[in-house]
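To start, the structure itself, in structure tokens.
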Amino acid sequence: MIDYRKKITTHREHYPIEDLEISVESDRGRIISTPAFRRLQKRTQVFPLELNAAVRSRLTHSLEVQQNARYIARTILQEIKIQGKLKEFHLEGLEAAFISISEMSSLLHDIGNPPFGHFAELSINDWMKNVAVKCLDNLYGEVSLNNIALKEELIEDITNYDGNAQAIRIIKYLQRLNLSYSQIASVLKYTRGAFQRKPSGEDNLNYLKKKPGFYYSEKDFVKQVCQALDIKQGCRFPLTYIMEAADDISYLTADIEDAVDKGVFSLDDLYKYIIEESKIVNKKYNKEENFLLDLVEKYYKKVKEQEDEPYQFNLFLTLTRANLINHLVKYVSKVYLENHQEIFEGTFNKALLDYDKTNKYSLTIEILQNISIKYIYNNKEKQALELKGHAILHGLLNCYKPILQLTSQEFLKLVSKQKIQCFVSARLIGRLSSKHIVAYSKAVEELDKTDIEKFNLLEWYYRARLIIDYISGMTDDFALDEFKKLSAV
């Protein structure tokens, strides 16, 4: 039975708001006002350290995803209304909340991404695995049988940084937004903890668990949210599928448009690439029809009649994007409703755009993704910028390494303003964000101190989180500036 009253509620951890409409508006205000959201304007989407304001940042990308999510949510509701099933699904009076939660989860979906793009996630994990874990072993290498499993979980967790999991941490502890559980659950894109192993191919929810969705530090909170909204273990909140589809649709043309603004290729190049990739994909699936090529040819001929070259490209991309989004929104809305029961229960084990790998829209997606991989993501300039970001992040993490080499007792003294022997750490802690230190301190205060070995492991874990929280929360330009300062460049 589909009953959205179980999913769209006013439940929140502190200071409950009885009225749903006010609760939803409160969430919107908190999200838009949080500094973590504003920092997205200075974070990379595809091209790190980009000065051209026309090229997308994480903020402008998130705004586009928000609009796509709104369009999808409205389309789904409109179809449910046409079918006369609003009452059956207990959606009467919840329509505005349905749309708003979809929109706001889209604004939040990249809030945990570090500076310099997705490549930075790999960079952070590489440093944690090869440097930070050695610091932990040097301090607390040998542990009793009681704590071996815990140590392994913490190492797995700390070496699996992911923007999706970091978003939940920001919402809960770093910004303390106190959002409604419905809004928080909508951001939980993946349902596996970073401390848990990847699922096998036989797991019925393996797609939903393919990446970390939350950290060890938030596992109890996530469990609390899921229980309140009747979300079974490993399952997803229904409106998260809308946010994911909106993000996937946005990526299809956005990266290509940015590559154009960067001069990576021309209109004629793009047209040629689409023809080439269309032939490859059609041959792969033994298809003859080509929705994308038909669409592109119509607009390509139209814009070539114009004399102004920049106008040609802008018109071509605008017409193509608008038409493509319109078709894809209708398609994913249809898939949502055709699989409504599974999606409501959160067991639909794929993205909406991946529902049918051989239809005309899936072929279009594959063609555009192939072009992005070949001519954008493997572009030498982009890769050089990613390597620059990697060097900056590793440089910053190396600067803060002394903090991870301290014992628990030494670092707790440092936090409480007492003197210790490591003069470098004493200066480094003054550069950390006070909000992040408060999050660390509160987590450590709640630890059981009767088992000293367990306490030391968990204290070090939250200290490592403190460093990751600070550096991953930087904007591109701030990270570069901080690296220069601490490296005496």
Side-chain angles (χ1 to χ4, degrees), residues 1-9 65-66 68-106 108-109 164 180-192 199 203-211 213-214 222 225-250 327-357 359 361-362 365:
M1 177 182 169
I2 297 173
D3 184 353
Y4 276 94
R5 294 174 301 181
K6 294 179 180 179
K7 306 296 182 183
I8 301 176
T9 74
V65 177
Q66 175 201 14
N68 287 342
R70 177 180 176 83
Y71 190 7
I72 296 168
R74 286 172 64 90
T75 303
I76 290 170
L77 287 172
Q78 183 63 26
E79 185 57 35
I80 292 173
K81 190 174 181 180
I82 290 171
Q83 295 174 4
K85 293 185 177 181
L86 274 179
K87 188 173 182 180
E88 179 184 335
F89 298 149
H90 300 281
L91 271 167
E92 287 181 318
L94 300 182
E95 299 99 314
F98 186 98
I99 294 169
S100 183
I101 291 170
S102 302
E103 281 190 85
M104 292 300 106
S105 65
S106 299
L108 284 170
H109 85 284
N164 297 290
S180 68
Y181 286 171
S182 297
Q183 190 65 74
I184 293 168
S186 70
V187 182
L188 196 61
K189 187 175 179 181
Y190 299 106
T191 60
R192 172 174 66 89
D203 191 321
N204 291 332
L205 302 175
N206 58 358
Y207 171 75
L208 300 180
K209 299 175 183 176
K210 74 174 186 175
K211 295 176 70 178
F214 56 94
V222 168
V225 169
C226 290
Q227 286 178 342
L229 300 177
D230 193 28
I231 303 172
K232 292 183 173 56
Q233 188 173 6
C235 297
R236 187 189 262 185
F237 186 74
L239 302 191
T240 310
Y241 290 98
I242 295 177
M243 174 267 284
E244 179 182 50
D247 189 26
D248 290 344
I249 290 171
S250 179
H327 279 89
L328 291 176
V329 164
K330 290 177 180 177
Y331 170 66
V332 297
S333 300
K334 181 171 176 284
V335 173
Y336 185 100
L337 292 172
E338 285 178 350
N339 300 274
H340 205 169
Q341 187 66 49
E342 275 187 89
I343 286 170
F344 180 79
E345 293 172 356
T347 57
F348 187 70
N349 194 42
K350 58 185 72 175
L352 297 180
L353 272 180
D354 287 340
Y355 179 60
D356 180 356
K357 289 286 189 183
N359 69 21
Y361 299 122
S362 294
I365 292 162

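Nothing here was measured: the structure is a model prediction, and the numbers come from that model.
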Around Lys330, counting heavy atoms of other residues, nucleotides and ligands shown, do more than 12 lie under 6.0 Å from its NZ?
-> no
In chain order, what residues pass the side-chain hydrogen bond (donor to acceptor under 3.5 Å, both in side chains) check against [X], with sequence neighbours excluded?
| X | result |
| --- | --- |
| Ser180 | Asp27 |
| Tyr207 | Glu244 |
| Ser106 | none |
| Asp230 | none |

With rounding to the nearest 0.5 angstrom, report the [atom1] to [atom2] distance, [X] to [Y].
| X | Y | atom1 | atom2 | value |
| --- | --- | --- | --- | --- |
| Leu328 | Ile365 | CG | CD1 | 5.5 Å |
| Leu239 | Lys7 | CG | NZ | 10.0 Å |
| Cys235 | Lys209 | SG | NZ | 8.0 Å |
| Ile184 | Cys226 | CD1 | SG | 10.5 Å |
| Asp248 | Asp354 | CG | CG | 7.0 Å |
| Phe89 | Leu94 | CZ | CG | 13.0 Å |

Partners of Asn359 by side-chain contact (heavy atoms from CB on, under 4.5 Å), sequence neighbours excluded?
-> Tyr331, Asp356, Tyr361, Ser362
Residues which pass side-chain contact (heavy atoms from CB on, under 4.5 Å) with Thr240, listed by chain and number, not counting sequence neighbours | Ser186, Lys189, Arg236, Phe237, Met243
Mind jotting down which residue pairs meet the side chain to side chain donor-acceptor pair (under 3.5 Å) criterion with at least one end in residues 84-93? Sequence neighbours excluded, please.
-> Arg5-His90
Set of salt bridge (Lys or Arg N to Asp or Glu O under 4.0 Å) partners for Lys350, sequence neighbours left out | none
Contact summary for Leu208 and Gly234, nearest pair of heavy atoms | CD1-O, 3.8 Å
Considering all heavy atoms of both residues, which atom of Leu188 and which atom of Gly213 are nearest to each other, and what is their separation?
-> CD1-O, 3.4 Å
Less than 4.5 Å apart, any side-chain heavy atom of Ser182 and any of Leu229?
-> yes
Does Leu205 reach the side chain of Gln233, with side-chain heavy atoms less than 4.5 Å apart?
-> no
Tyr241: partners by ring pair (Phe, Tyr, Trp, His ring centres under 6.0 Å), with sequence neighbours left out = Phe348
Residues forming a ring pair (Phe, Tyr, Trp, His ring centres under 6.0 Å) with Tyr181, sequence neighbours excluded | none
Under 3.5 Å donor-acceptor, Asn349 side chain and Asn204 backbone = yes
Is the backbone N or O of Val329 less than 3.5 Å from a side-chain atom of Ser333, with the two atoms forming a donor-acceptor pair by type?
-> yes
Name the atoms and distances for all side-chain donor-acceptor pairs under 3.5 Å in residues 69-83, with sequence neighbours left out.
| residue | atom | partner | partner atom | Å |
| --- | --- | --- | --- | --- |
| Arg70 | NH1 | Glu103 | OE2 | 3.1 |
| Tyr71 | OH | Asn326 | OD1 | 2.4 |
| Thr75 | OG1 | Tyr71 | O | 2.7 |
| Glu79 | OE2 | Gln83 | NE2 | 3.2 |

Determine all donor-acceptor pairs shorter than 3.5 Å in which one atom belongs to a side chain in residues 335-347; sequence neighbours excluded.
| residue | atom | partner | partner atom | Å |
| --- | --- | --- | --- | --- |
| Tyr336 | OH | Tyr4 | OH | 2.8 |
| Glu338 | OE2 | Lys334 | NZ | 2.7 |
| Asn339 | ND2 | Val335 | O | 2.9 |
| His340 | NE2 | Tyr4 | OH | 2.7 |
| Gln341 | NE2 | Glu345 | OE2 | 2.8 |
| Thr347 | OG1 | Glu342 | O | 3.4 |

